[in-house]
Novice: 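This is the structure, below, for whatever I ask next.
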Amino acid sequence: MSEYLQAAVQRVLAGSRDEADLMAIATAIQTGQFTWASDKGAVGVGGDVVNSLIVPGSYNIIDSTIVLEGEAAIAIQTLLTQRLGVTPTAAIPLDALLQQVRSRASTKILNLFSQIQLLNKRQLAVDQLYVDVYVLEVRNFRATIPGLLEGQDAREQFDRFGLGKRGERSPGLAIAASEDFPRLMVLGKPGSGKSTFLRYLAVSCARGEFLSDYIPVLLELRDVDEAAFNLFQYLHGEFGLEQEAQTEQILKQGRVLLLLDGLDEVPSSLRQTVQRELRKFAKRYDKNRFILTCRTQTTEYIPEQFQAVEVADFKPEQVECFALHWFTTMAGTSEQGMALKNQFMEKLRESPQTAELAVTPVLLSLTCWIFDDMKGLPQKRSDLYRDGLDLLLQQWDEGRGISRDSGCDRCHQLTTEERKRLLSYVAVRKFEQAENFVLYEESELCGYIAEHLQVSIEESQAVLEALSQQHGLLIKRAQGIWSFSHLTFQEYLAAKWFCDRTDWQNLIEYLWTSHWHEVFLMTSEMAEFADELLCKIKQEIDFFLHQDRFQAFLSWVYEDTQAIESAYRPSVVRAFYFSDFDDDFSESLSLRLDDSLSVANDLRDSVSFSLGCDPDDCYRSSDRALAEYERRNVCFAIARSLIFDIHICQELRSINQLDLGDLDERADNDYFARLESWQDELYDAIQGYESWVHDWEFENKDQEKFRKYYNVNKLLVDCLNVSSSSSDETREQIEEALLLPIAEIEKRKK
């Protein structure tokens with residue numbers, strides 16, 4: 001306290017009535033330099049003093065506060081009341097005040113947040129949902145597109161851009177209660193359950209099940225609309241106290257659990273103000289506990305000393321629990337809910353791709369809703385995405401309590417179909433970029449919106465903000481960086497763009513770009529008539545290896561397979577010439593052609609028959625050896641070499657060098673003798689096939705071209721598998737012509 005203020009107090013107590021002295025004292029009270037107490041024994045509390053009396057005043061900082069007691073306090077109070085209108089408040093014991101505020105705050109939490117509204121407008125108790133989290137390693141991400149993409153596979157890591165390496169999966173409540181993590185930043189993709197988790201913590205605290213001596217306060221930051229946002233003033237209003245000094249005292253005690261939802265959802269015009277206020281507040285009132293939610297771990301959002309955790313996807317048992325609660329709220333009785341849940345889980349097990357998608361609250365909600373509407377799940381992935389997209393465009397905003405009247409007239413005028421066309425255009429324009437097909441600069445995204453809607457950039461920005469708030473399909477990853485909330489929706493929308501226009505020629509341009517492959521699959525599944533698309537894919541593949549050296553190899557493969565007697569179609573056997581790239585290709589061909597056994601087993605059978613012995617006896621005597629061969633990838637190589645391996649001699653020599661004595665020390669000598677004899681017979685039997693060996697030598701660039709050729713052939717087979725609108729004739733023609741040289745294809749056409 002300044003010497004002038006001390007002198008002013010002494011003059012007033014001595015009987016002076018100077019207006020300037022009284023004004024100085026009143027100002028000191030309101031700025032926290034001076035407090036009073038009329039009760040005997042009252043003290044100013046600014047630290048951890050327990051069971052003390054609260055001293056009224058605007059602020060109450062013990063380090064710089066004078067407390068006046070008894071007659072001196074009464075004298076100054078009287079003068080200030082008479083001359084300046086400043087009225088003191090009676091002191092209240094700290095514990096009583098804390099209980100009063102906690103009771104008031106807990107009642108509000110239970111009234112507002114104990115239920116969550118599902119997308120179908122039904123209510124579900126928030127404590128019936130359970131959330132696990134991963135503690136993330138500390139990592140500073142640059143809030144730039146190169147920074148977010150650095151070291152990341154855009155497809156595999158799409159949901160985790162801007163997130164650090166995961167630690168152990170742990171119960172969310174245990175992490176939030178830990179003394180090791182008084183400040184948490186809860187991260188996760190849209191719809192992953194961040195807000196639900198925050199509500200669960202708030203309700204648990206209000207009920208005394210978690211941090212029972214804390215005052216829970218939950219603020220949804222997307223509702224902040226004040227340019228001069230002040231967190232202290234907000235809490236003072238929530239506490240319902242008359243004097244700000246009382247709010248100050250509670251905060252100084254460190255008894256508040258402050259839950260802030262959606263740090264990245266703060267309106268862009270207010271974001272810096274809110275973040276600056278949060279950092280200042282957390283530093284000043286550091287004894288309290290803070291839990292924030294955000295979508296990304298970029299440094300612009302993470303305040304100092306906050307530990308990042310990521311919301312985990314639902315485990316199978318959590319999916320089942322969620323489904324039970326969903327269908328029980330729909331059916332009205334636990335018995336009917338259980339029956340519907342069992343039917344749903346059975347359908348989910350029959351559709352692994354859907355099950356992989358439905359692991360977050362919002363997507364699982366969509367899946368449950370679609371199941372309830374259709375009395376089943378769609379057979380096609382594209383139908384699931386179509387129905388889910390419709391629900392998000394029509395219901396997501398209402399389910400979150402967001403008004404469609406966003407202040408953007410142009411967006412408000414768009415029908416659901418027009419919004420889909422806009423999103424399809426935005427999805428395709430980004431997919432056209434090979435280096436970065438997922439992350440948009442905000443200016444780039446607004447440019448696409450402006451192009452499609454024929455509006456100004458200013459209007460496009462308003463449309464973008466409205467779409468983001470209303471549907472959750474476009475999200476902000478970092479300051480000025482956007483993406484679709486889920487890659488599957490972007491792929492579906494890109495496929496829809498081409499299907500709506502039957503624009504196969506432009507789509508074919510991206511056949512050799514790997515990130516387009518899911519779009520081709522989705523398009524093949526969605527196309528009303530897929531024959532033209534599938535034929536164009538086949539033509540593009542055939543021309544890819546038009547050079548003589550590649551055609552010579554394909555001709556050799558074709559001629560070799562002509563000499564093979566097999567129950568499988570020639571195209572299946574031809575696929576095994578490329579099996580070094582991926583054994584799954586031949587399996588997908590076999591499934592497509594309704595072959596029940598793998599070619600590998602068929603070829604291995606031919607080994608035993610060529611030895612002139614019973615195959616079962618052969619396998620019984622060599623089970624362990626075969627297991628070892630499989631482990632070293634040798635057994636399959638032998639079987640394949642019977643027909644077409646080009647390095648047969650080298651592989652056979654490697655087999656003779658195997659030490660069978662390592663397989664089982666307990667086996668008898670006769671057992672190993674039989675194995676060695678079997679090897680010798682196998683070696684002798686294969687010698688007759690050496691004339692089939694052809695030593696093809698290709699440079700690395702040629703090998704890479706073969707790999708692309710192989711991968712796109714596999715894509716074509718997968719497109720055939722998912723397409724339901726192609727004719728039998730087209731399928732037959734494509735299947736018979738797979739992996740053939742151009743000359744043979746042309747001959748068959750004639």
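Throughout, residue positions are numbered sequentially from 1 according to the sequence presented.
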Novice: Could you tell me whether E350 atom CD has more than 12 heavy atoms of other residues or ligands within 6.0 Å of it?
Specialist: yes
Novice: Going by the rule salt bridge (Lys or Arg N to Asp or Glu O under 4.0 Å), which residues pair with E417 if we only count those two or more places apart in sequence or in a different chain?
Specialist: K420
Novice: Going by ring pair (Phe, Tyr, Trp, His ring centres under 6.0 Å), name the pairs with one or both residues in residues 335-367, residues two or more places apart or in two chains.
Specialist: F327-F344, F344-F371
Novice: Can you run down the side-chain hydrogen bond (donor to acceptor under 3.5 Å, both in side chains) pairs that involve residues 171-185, sequence neighbours left out, and say none if there aren't any?
Specialist: none
Novice: Going by atom types only, do Q233 and E244 share a side-chain donor-acceptor pair under 3.5 Å?
Specialist: yes
Novice: Using the ring-ring contact (aromatic ring centres under 6.0 Å, His included) criterion, which residues pair with F437? Sequence neighbours excluded.
Specialist: F431, H515
Novice: Taking R381 first and then E491, would you say they form a salt bridge - that is, a charged N and a carboxylate O separated by under 4.0 Å?
Specialist: no
Novice: Please step through side chain to side chain contact (heavy atoms under 4.5 Å, CB included) for the pair Y234 and L219, ending with a clear verdict.
Specialist: CA-CA 9 Å; Y234 171 79; L219 170 59; 3.6 Å; yes
Novice: Can we say R349 and E346 salt-bridge, meaning some charged N sits less than 4.0 Å from an Asp/Glu carboxylate O?
Specialist: no
Novice: Which heavy-atom pair separates S192 from P361 by the least distance, and what is that distance?
Specialist: O-CD, 3.3 Å
Novice: Tell me whether the rings of W369 and W326 are parallel (<30°), tilted (30 to 60°) or perpendicular (>60°).
Specialist: tilted
Novice: Please find the pair of heavy atoms, one from F161 and one from L148, that lie closest to each other, and give the distance.
Specialist: CD2-O, 3.6 Å
Novice: List the residues meeting side-chain hydrogen bond (donor to acceptor under 3.5 Å, both in side chains) with E442, not counting sequence neighbours, and say none if there are none.
Specialist: W482
Novice: Using atom types as modelled, flag every donor-acceptor pair under 3.5 Å from a side chain in residues 313-325 to any protein atom, sequence neighbours excluded.
Specialist:
unit_1 : atom_1 : unit_2 : atom_2 : d
D313   : OD1    : K189   : NZ     : 3.0
Q318   : OE1    : R169   : NH2    : 3.1
Q318   : OE1    : K315   : N      : 2.8
E320   : OE2    : K341   : NZ     : 2.7
H325   : ND1    : Q128   : OE1    : 3.3
H325   : NE2    : Q128   : O      : 3.4

Novice: May I ask you to decide whether E310 forms a salt bridge with R160, counting only side-chain N to carboxylate O separations under 4.0 Å?
Specialist: yes
Novice: Any side-chain heavy-atom pair from F239 and V256 closer than 4.5 angstrom?
Specialist: yes
Novice: With a cut-off of under 6.0 Å to the ring centre and 45° to the axis, is R166 in cation-pi contact with Y134?
Specialist: yes
